[in-house]
Amino acid sequence: LEDYVNQQLAKVEHFLENEREPIYLDIVLTAGKTRAHHAVEYRLKTPHYELVSTFYEGPKMYDVIDRVIDTLYRKLHEAKEKYIEDQRKKDAYKGA
């Protein structure tokens with residue numbers, strides 16, 4: 001399971017290659033003991049981004065992991081676009 005999570009996180013790691021350090025990424029996997037109801041959540045903290053997920057749940061652990069990683073990747077792209085837009089606005093006001 002750990003290898004699968006690391007394999008899925010490869011695209012997130014590639015996205016964060018040029019990010020300044022420190023980078024903290026925690027993924028918490030919770031397996032359902034009484035029934036097939038597993039949960040996954042993440043926390044990402046970098047100098048530019050701070051993302052915390054809600055609790056994603058489902059009957060199949062691998063599907064929940066895929067969903068969480070895809071959501072993290074999409075939210076990183078949205079945060080990057082917002083950060084770039086904010087930087088452009090700041091630069092526009094400096095030049096005026």
Side-chain angles (χ1 to χ4, degrees):
L1 197 59
E2 183 179 345
D3 291 336
Y4 184 76
V5 171
N6 288 333
Q7 181 184 20
Q8 293 299 316
L9 282 174
K11 62 182 179 181
V12 174
E13 291 173 356
H14 179 69
F15 183 87
L16 295 172
E17 279 180 348
N18 296 323
E19 182 69 22
R20 292 185 317 175
E21 294 189 359
I23 298 173
Y24 302 104
L25 176 60
D26 294 324
I27 294 191
V28 180
L29 307 174
T30 307
K33 293 183 180 181
T34 57
R35 61 180 194 262
H37 196 69
H38 311 295
V40 178
E41 68 176 318
Y42 65 83
R43 288 178 219 103
L44 174 71
K45 173 96 171 103
T46 70
H48 292 129
Y49 312 113
E50 185 167 348
L51 303 173
V52 178
S53 75
T54 56
F55 224 57
Y56 290 99
E57 301 174 325
K60 296 182 180 177
M61 181 65 90
Y62 290 100
D63 292 341
V64 178
I65 291 170
D66 289 341
R67 183 175 167 202
V68 166
I69 300 297
D70 291 342
T71 303
L72 172 61
Y73 192 67
R74 188 180 69 246
K75 286 187 177 184
L76 270 172
H77 275 283
E78 291 170 0
K80 181 178 180 178
E81 289 174 8
K82 185 176 186 282
Y83 177 76
I84 290 172
E85 186 65 31
D86 290 344
Q87 293 300 316
R88 287 183 182 156
K89 286 180 182 178
K90 286 180 186 178
D91 290 341
Y93 292 121
K94 285 181 183 178

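Computed from a prediction, not measured in an experiment: that's the story for all the values here.
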Taking the side chain as every heavy atom from C-beta outward, state whether L44 and V12 have any atom pair closer than 4.5 Å. no
Could you list the donor-acceptor pairs under 3.5 angstrom formed between side-chain atoms of residues 75-84 and any protein atom two or more places apart in sequence or on another chain?
unit_1 : atom_1 : unit_2 : atom_2 : d
H77    : NE2    : Y73    : OH     : 3.3
Y83    : OH     : H48    : NE2    : 3.1

Can you measure from CZ (F15) to CG (L72) and round to the nearest 0.5 angstrom? 9.5 Å
Same cluster (ILVMFWY, side-chain, under 4.5 Å), V68 and V28: no
May I have the step-by-step check of side-chain contact (heavy atoms from CB on, under 4.5 Å) for L25 and L9, ending in yes or no? CA-CA 10 Å; L25 176 60; L9 282 174; 3.9 Å; yes
Return the minimal non-hydrogen interatomic distance between P47 and P22, and the atom names on each side. CD-O, 3.4 Å
For residues 39-48, which residue pairs pass the salt bridge (Lys or Arg N to Asp or Glu O under 4.0 Å) check, not counting sequence neighbours? E41-R43, K45-E50
Between M61 and L29, the two heavy atoms sitting closest are CE-CB, 4.3 Å
Please report the C-alpha distance between D66 and Q8 in whole Å, then the side-chain angles of each, then the deciding distance to 0.1 Å, and finally whether the side-chain contact (heavy atoms from CB on, under 4.5 Å) criterion is met. CA-CA 7 Å; D66 289 341; Q8 293 299 316; 3.6 Å; yes
Qualifying residues under ring pair (Phe, Tyr, Trp, His ring centres under 6.0 Å), relative to Y4, sequence neighbours excluded: Y62
Show me the pairs that pass salt bridge (Lys or Arg N to Asp or Glu O under 4.0 Å) and involve residues 2-24, at least two apart or across chains. K11-D70
Are any non-hydrogen side-chain atoms of T30 and E57 less than 4.5 angstrom apart? no
How far apart are the C-alpha atoms of I69 and I27, what are their side-chain angles, what is the distance that settles it, and do they pass the side-chain contact (heavy atoms from CB on, under 4.5 Å) test? CA-CA 10 Å; I69 300 297; I27 294 191; 3.8 Å; yes
Indicate, with yes or no, if V40 and L1 share a hydrophobic cluster defined by side-chain heavy-atom contacts under 4.5 Å among Ile, Leu, Val, Met, Phe, Trp and Tyr. yes
